[in-house]
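Lettering of chains follows the sequences in order, A, B, ..., and the numbering in each one begins at 1.
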Amino acid sequence: MAKLQSPRGTTDLLPDVMNGHRHVTDTARSASLSFGYEEMATPIFEFTEVFARPLGEASDVVSKETYSFADRGGDSLTLRPEGTAGAVRALISAGLTQTLPQKYFYAGPMFRYERPQKGRMRQFHQIGVELLGVSSAIGDAEVIALGHMILNQLGVATDCVLHLNTLGDTASRSAYRQALVDYLSDHKTALSADSQRRLDLNPLRILDSKDAGDQAILVNAPDLSDYLNSLSQDHFAATRSFLDVIKIPYHINSRLVRGLDYYGHTTFEFITDALGAQGTVMAGGRYDGLASMLGGGEVSGVGWAAGIERLAMLSDIPPLKPVDVMMIGMSDAHMATLFRLAMPLRDHGLRIETAYATNLGKQMKRANRLRSRYVVILGDDEAARNVVMLRSMADGQQSEIAIDDLASHFMSPIV
RNA sequence: GCGGGUGUAGCUCAGUUGGUUAGAGCGCGGGUUUGUGGUACCUGAGGUCGCCGGUUCGAAGCCGGUCACUCGCCCCA
């Protein structure tokens, strides 16, 4: 096997794979634009603080999954593990908190030091959208509607279930958190080791523990919905009613919590069972507190991110545009002629291959391998009469066509 | 970070209780056809058996370590 490998958890995006990524990204970009979300990009690394505070120092992502390093000037930098913090930092940096709302779409690599699995890489790729400066519930519904549209256009919506929950506002959440900690502390020794640790770090995460013993304890645990104040209840009800208006189905999942500190109010995930343990295809929520954590004042935000690898695995990827014409010259001089004739056709948008050698049999074989629709052959016989041989690869039909007519033949709308 | 499984040709895989030159299909190259692909036939190239060490007269097969992939946990897209 190859000794020379890319680092663990990374992979090369060779044309076949890249084609799938591009299909996902192109589909998402164009759907996003139809909602008015314009593409932007942030640096692949940021100052470490950009991620540390908003995501939570104790969160797994920050505490054990970041690629952080000191640069030559001594600054601590971190390869971005997600896109939202950087996007909000960019908004603040550019002074755009005065020009709201802002609506962003992005796509690019993210980095987390994790043990690789199917659908989980150390360098992976996400698409995402952020709606900044909109506190109304229609914003929550809009990003979900956009996400749903993208999944639908990729043909994966039917494989996914939208799980929806609310964490409430800060006051509701901290009241509930206290109640939950009080309850679970009484059962601490019965909790799994993981959950005992989570009790201090992120007690809400215990809610979606897969441990059967934990689940048994949780049956009688306080319910978040009982701790939502009216403002939180109203926001969630409004979000749901906007989703109802456009008939997007969802499943209320009161155990759906997020691992990152910046979330409040609406959280959601599109989940599939087709990817093993990595069932989350698209996830997001509202993060009204994020901007102020970065020192940018109060700016509402809601958005989501989705894994391109996971989406590509679920989608049917259309094949690349096939070769339209393979041009085979039977001598260097004829090759030169075809090299010239190919240019306007390419300029017109056709995919043209000019053969790199003059042995006809081999070049025909290559044309077949490339699934070229047509082959143009130019040899001494044709040149003497100012024609080329045009062969349709599908049925093997050949005909001669005047060199002067070649361009107009392929550039006419019929072909 | 923790636990399980798997590493033999470019790909998918065989390889009998450790035994001498490690095989097949597909793919790739050459030919039948030096002006014609896809079919057919002939033929060829390609492997430090993931890597390192150990046991043995002898290791692809046993043992240890290591790396990679994979499944699950943690966590997440």
Side-chain angles (χ1 to χ4, degrees), chain A residues 1-11 24 55-56 58-65 80-84 107-128 147 160 192-195 197-198 201-202 205-206 208-211 257-260 269-272 275-284 303-314 326 328-331 334 355 357-383 388-398:
Chain A
M1 293 304 283
K3 288 177 182 171
L4 199 55
Q5 298 171 315
S6 68
R8 185 174 200 190
T10 68
T11 190
V24 169
L55 309 205
S59 69
D60 279 47
V61 169
V62 168
S63 64
K64 61 182 200 187
E65 294 177 2
R80 61 184 189 190
E82 57 99 57
T84 303
M110 307 293 167
F111 305 86
R112 292 182 196 172
Y113 188 88
E114 299 185 276
R115 179 119 171 211
Q117 279 184 45
K118 181 192 190 77
R120 175 191 294 173
M121 302 288 290
R122 289 182 171 181
Q123 175 178 336
F124 60 107
H125 299 81
Q126 287 186 334
I127 51 172
C160 296
S192 67
D194 282 328
S195 287
R197 186 174 46 81
R198 283 185 286 223
L201 294 175
N202 194 344
R205 286 230 68 99
I206 298 174
D208 63 0
S209 169
K210 289 172 186 167
D211 184 89
V257 291
R258 312 261 65 210
L260 308 180
E269 293 188 14
F270 286 91
I271 298 175
T272 177
L275 290 177
Q278 280 66 243
T280 301
V281 159
M282 175 181 282
W304 51 255
I308 294 177
E309 284 84 355
R310 292 182 186 180
L311 288 172
M313 281 189 282
L314 294 171
M326 170 87 160
I328 305 172
M330 307 213 35
S331 70
H334 299 320
T358 58
N359 40 0
L360 184 56
K362 284 189 198 172
Q363 300 314 313
M364 286 297 294
K365 208 162 190 162
R366 179 155 173 266
N368 187 60
R369 201 161 45 224
L370 292 170
R371 291 191 303 279
S372 185
R373 298 165 58 218
Y374 293 95
V375 165
V376 162
I377 300 166
L378 179 58
D380 292 340
D381 295 351
E382 289 82 9
V388 294
M389 188 67 77
L390 175 64
R391 180 183 180 88
S392 163
M393 293 298 276
D395 56 18
Q397 292 297 305
Q398 292 197 165

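- The partner of B:rG1, taking Watson-Crick or G-U wobble pairs whose two distances both stay under 3.5 Å, is B:rC73.
- Put simply, CH2 on A:W304 and CD on A:Q126 are 10.0 Å apart, with the number rounded to the nearest 0.5 Å.
- In this structure, CZ of A:R122 is placed 18 Å from P of B:rC75, rounded to the nearest angstrom.
- The shortest heavy-atom contact between A:F124 and A:R112 is CZ-NE, 3.7 Å.
- Side chain of A:R391 to main chain of A:V375: no donor-acceptor pair is present (N/O by atom type, distance under 3.5 Å, no hydrogens or angles).
- B:rG37 atom P lies 16 Å from atom CD of A:Q397, rounded to whole Å.
- Between the side chain of A:R205 and the base of B:rC74, no donor-acceptor pair under 3.5 Å is found.
- Evaluation of atom-type donor-acceptor distances gives no pair under 3.5 Å for the side chain of A:R369 against the base of B:rG38.
- Nucleotides B:rU20 and B:rA59 have their C1' atoms positioned 13 Å apart, rounded to a whole Å.
- Nearest to the side-chain atoms of A:K365 among the listed nucleotides B:rG38, B:rC75, B:rC76 stands B:rG38.
- At the heavy-atom level, A:A367 lies nowhere under 4.0 Å from the strands shown.
- Residue contacts shown for A:G128 are absent, as no nucleic acid heavy atom lies under 4.0 Å away.
- Distance CD1 (A:I377) to C1' (B:rG37): 10 Å, rounded to an integer number of Å.
- Not a single donor-acceptor pair under 3.5 Å links the side chain of A:E269 to the backbone N or O of A:I271.
- Spacing of P atoms, B:rU16 relative to B:rA77, comes out at 46 Å, to the nearest Å.
- Glycosidic conformation of B:rG61 is syn; the angle stays within 90° of 0.
- Within 4.0 Å of A:D381, counting heavy atoms only, lies at least one base atom of the nucleic acid.
- Heavy-atom neighbours of A:R371 CZ from other residues, nucleotides or ligands within 6.0 Å: at or below the threshold of 12.
- For the atom pair A:E65 CD and A:M110 CE, the distance stands at 14.5 Å (nearest 0.5 Å).
- Without hydrogens or angle criteria, A:R310 side chain to A:V281 main chain gives no donor-acceptor distance under 3.5 Å.
- Comparing B:rA22 with B:rG31, their P atoms are spaced 29 Å from each other, to the whole Å.
- Straight-line distance from the CZ atom of A:F124 to the C1' atom of B:rC76: 8 Å, rounded to whole Å.
- Remark: the separation of the C1' atoms in B:rG47 and B:rU12 is 16 Å, to the nearest Å.
- Using modelled atom types and a 3.5 Å distance limit, the side chains of A:T10 and A:Q123 yield no donor-acceptor pair.
- When both distances must be under 3.5 Å, the Watson-Crick or G-U wobble mate of B:rG53 is B:rC63.
- For A:N368 and B:rG37, a side-chain-to-base donor-acceptor distance below 3.5 Å is present, hydrogens and geometry of angles not being considered.
- In this structure, B:rU39 forms no base pair with any nucleotide, since neither Watson-Crick nor G-U wobble geometry is met with both distances under 3.5 Å.
- B:rG25 is paired with B:rC11 under the criterion used here, namely a Watson-Crick or G-U wobble arrangement in which both key atom distances are under 3.5 Å.
- The partner of B:rU20 is absent, by the rule that a Watson-Crick or G-U pair needs both atom distances under 3.5 Å.
- One atom, CH2 of A:W304, and another, C1' of B:rC76, lie 16 Å apart when rounded to the nearest Å.
- Between the side chain of A:E114 and the base of B:rG1, no donor-acceptor pair of N or O atoms lies under 3.5 Å.
- If you take CE of A:M313 and P of B:rA77, they are 15 Å apart, rounded to a whole angstrom.
- Contact of A:Q398 with B:rU36 (side chain to base): a donor-acceptor pair of N or O atoms is detected under 3.5 Å.
- Among the heavy atoms of the strands, none lies under 4.0 Å from A:A312.
- As a whole-Å value, the separation of A:M364 CE from B:rU34 P is 15 Å.
- Atoms CZ and CZ, from A:R8 and A:R122 in turn, are 5.5 Å apart once rounded to the nearest 0.5 Å.
- Straight-line distance between the C1' atoms of B:rG15 and B:rG4: roughly 26 Å, to the nearest whole Å.
- One donor-acceptor pair, N or O on each side, does fall under 3.5 Å between the base of B:rC75 and the side chain of A:R120.
- Distance NZ (A:K362) to C1' (B:rC28): 13 Å, rounded to an integer number of Å.
- Each of A:A305 and A:M330 was assigned the nucleotide of RNA chain B with the nearest heavy atom; the assignment lying further toward the 5' end belongs to A:M330.
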Report, one pair per line, the protein and nucleotides 68-70 of chain B atoms (nitrogen or oxygen only) whose separation is under 3.5 Å.
unit_1	atom_1	unit_2	atom_2	d
B:rC69	OP2	A:R8	NE	3.2

